[in-house]
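To start, the structure under review is shown below, and the notes come after it.
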Amino acid sequence: MNQGLFLSLQERGLVQDFVPGLDALLEREKVAVYAGFDPTADSLHIGNLVPIMLLVHFQRAGHRPIALVGGATGRVGDPTGRSAERNVLSREQMEHHLACQQAQLKRFLDFDPASPAGARLVNNEEWFGPWSFLDFIADVGRHIPINYMLAKDSVKLRLENGMSFMEFCYQLIQGYDFVHLHRHYGCKVQVGGSDQWGNITTGTELIRRMDGSEAWALTAPLTKKSDGSKFGKSEGGNIWLDPQKTSPYRFYQFWLNVSDDEARRYLPVYTLLSMQEIAEAVSIHDQAPHQRHAQRLLADDVTRRVHGEQALAQARAASDLLFGKVSRDQMMSLDHEVLMQALEGVPVHQVSKSLLVEGCEWVPLLSDHSGIFGSRSEARKMIEGGGLSLNREKCSDVLARASTEDLFAGRLVLVQKGKKNFHLLVFED
RNA sequence: GGGGAGAUACCAGAGUGGCCAAAUGGGACCGACUGUAACUCGGUUGGGAAACCUUCGGAGGUUCGAAUCCUCCUCUCCCCA
């Protein structure tokens, strides 16, 4: 616990690059530290979690975090890691995105204005909004050599295929954010993902040239999955923090499904557990890898922090229902409310109850009537292959007919296509 | 502007008059195994219970019969100006 913040971040695998002297600075004084967030979507996603966790660690060590949402930078567009110019968002869209992201950030950081380490939330639109282009190039542009800007990877890589002047200027905009925060909030450190290194150092460079003052930077390694594929995506796309976009159940499942190796690496990065606690957990995990102790710990911790205790409980209940050893009878006896919560996010298909009375066969019911299967053959083949379960009981008879006995809660049937694809069939009057 | 090659299912890619709903590989999905894993193995991958129907860039044509031959059109790639 007495270990310095910097060393502890290093130990957790949160340090990729840093400006020398940062270590000493953090021991010497309490500073303000900022991280920026791009308003490209109406929710943050788990890729944003790393810079957020960095800010959290800083705050816990008594430093003041500043979360910057990029109203201005969002209008320009960061060229980093992009091969083509991206679409520009409308102003209304961006306002909406910013508001959503701000609300999410408040879950992680303590914004108590009375505390010396109370977090601040700023929008760079505030200082860029009223500024004219001429003023900007006169006040800021004169201080930076174009060779310096051209040398950045984000620019170099794009010179071949061309990039707009707007995107070229991006690093200056972000760089000036740092200058502004340095002047008005005494911000001395910027943190971000390692892809932001170029943009961040433009900021420290500007501070040096414009104010003759020193500033520091720290970047965290970009999280990569062990197979090298991109982190934060699943079948359904990005894993968002917004429960409307990624249900707590999906979110929980994402973490629960990471590999052993990933779980080991993610625990220090995405949770606040001490290294000792993590070491103990990993040791328990290694004794019985199939129990996936590490994944459970990770999923519990992250889901709890992002979605809260209640959502976590529901996500776990849903996981038990869908993957646990819940039999048909047990399921039938479950409380309707609990069940519906557990099944939140499962696609719902409505069909007429009259089909049931007629004793309709399952095959047309699951294809023509509900659209769960694209065609009858597909449904039939799935049944023949043993891949269909109704209410967690395998259905192997192609000619089976639906009856009222198959319903739970009077009107529902849980259809399971293979192991992981669930659909809820609702019989309407 | 001139010459050549090509367009086949989710992708890649065989097939050049009937045996073609179309080889093979990849992907995807399912099953067994398993840890809601990896690996491996097996299956499925246009519709239809079936007869059979609709598909091989588009539109016509030849033929008993066309992915396959002919005509036109659209698009792609390559070479020469």
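Letters A, B, ... are given to chains in the order of the sequence lines, protein chains preceding strands, and every chain is numbered from 1.
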Both A/V363 and A/Q291 contact RNA chain B. Taking the nearest nucleotide for each, which residue is further toward the 5' end? A/Q291
Comparing A/G386 and A/D260 on RNA chain B - which has the more 5′ nearest nucleotide: A/G386
To the nearest Å, how far apart are [X] [atom1] and [N] [atom2]?
X: A/R292; N: B/A38; atom1: CZ; atom2: C1'; result: 12 Å
X: A/N257; N: B/U34; atom1: CG; atom2: C1'; result: 14 Å
X: A/H290; N: B/A37; atom1: NE2; atom2: P; result: 14 Å
X: A/R376; N: B/C52; atom1: CZ; atom2: P; result: 20 Å
X: A/H293; N: B/U36; atom1: NE2; atom2: P; result: 16 Å
X: A/K419; N: B/C30; atom1: NZ; atom2: C1'; result: 9 Å
X: A/N421; N: B/G31; atom1: CG; atom2: C1'; result: 14 Å
X: A/K381; N: B/A28; atom1: NZ; atom2: P; result: 20 Å

Taking the [atom1] atom of each, how far is [N] from [M], in whole Å?
N: B/C41; M: B/G25; atom1: P; answer: 13 Å
N: B/G27; M: B/C11; atom1: P; answer: 16 Å
N: B/U68; M: B/G61; atom1: P; answer: 14 Å
N: B/C75; M: B/C30; atom1: P; answer: 41 Å
N: B/G46; M: B/C79; atom1: C1'; answer: 39 Å
N: B/G13; M: B/G2; atom1: P; answer: 29 Å
N: B/A7; M: B/G57; atom1: C1'; answer: 6 Å
N: B/C10; M: B/C77; atom1: C1'; answer: 23 Å

If you look at every strand shown and take non-hydrogen atoms under 4.0 Å, does A/L256 touch a base, only sugar-phosphate, or nothing? base
For the CZ atom of A/F251 and the CD1 atom of A/I46, what is their distance to the nearest 0.5 Å?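 It is 6.5 Å, given to the nearest 0.5 Å.
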Taking the minimum atom-to-atom distance to the side chain of A/Q295, which one of B/G35, B/C29, B/U36 wins?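 Of all the options, the side chain of A/Q295 is nearest to B/G35.
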Among the candidates B/U36, B/G47, B/C30, find the nucleotide nearest to the side-chain atoms of A/S375.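 Given the options B/U36, B/G47, B/C30, the side chain of A/S375 is closest to B/G47.
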Pairing nucleotide - [N], Watson-Crick or G-U, each distance under 3.5 Å:
N: B/U40; value: B/A32
N: B/G60; value: B/C70
N: B/G65; value: none
N: B/A5; value: B/U76
N: B/U24; value: B/A12

CD (A/Q276) with more than 12 external heavy atoms under 6.0 Å: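 Atom CD in A/Q276 is not crowded, with 12 or fewer foreign heavy atoms closer than 6.0 Å.
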Crowding at NZ, A/K106 (>12 non-hydrogen neighbours, <6.0 Å): no
Looking at side-chain heavy atoms only, is the closest gap between A/Q295 and A/H285 below 4.5 Å?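 Yes. Closest side-chain heavy atoms under 4.5 Å.
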Can you confirm whether A/N124 sits close enough to A/Y176 that some side-chain heavy atom of one is under 4.5 Å from a side-chain heavy atom of the other?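 No, their side chains stay 4.5 Å or more apart.
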Could you tell me which non-hydrogen atom of A/V306 sits nearest to which non-hydrogen atom of A/R107, and how far apart they are? O-NE, 2.9 Å
For the student: nearest non-hydrogen atoms of A/H293 and A/A281, plus distance: CD2-O, 3.5 Å
With a 4.0 Å limit, can you tell me whether A/K417 has a side-chain N or O closer than that to the phosphate oxygens OP1/OP2 of B/U44?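 Result: no.
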Can you find a donor-acceptor pair, distance only, under 3.5 Å between A/E384 side chain and B/U44 base? no
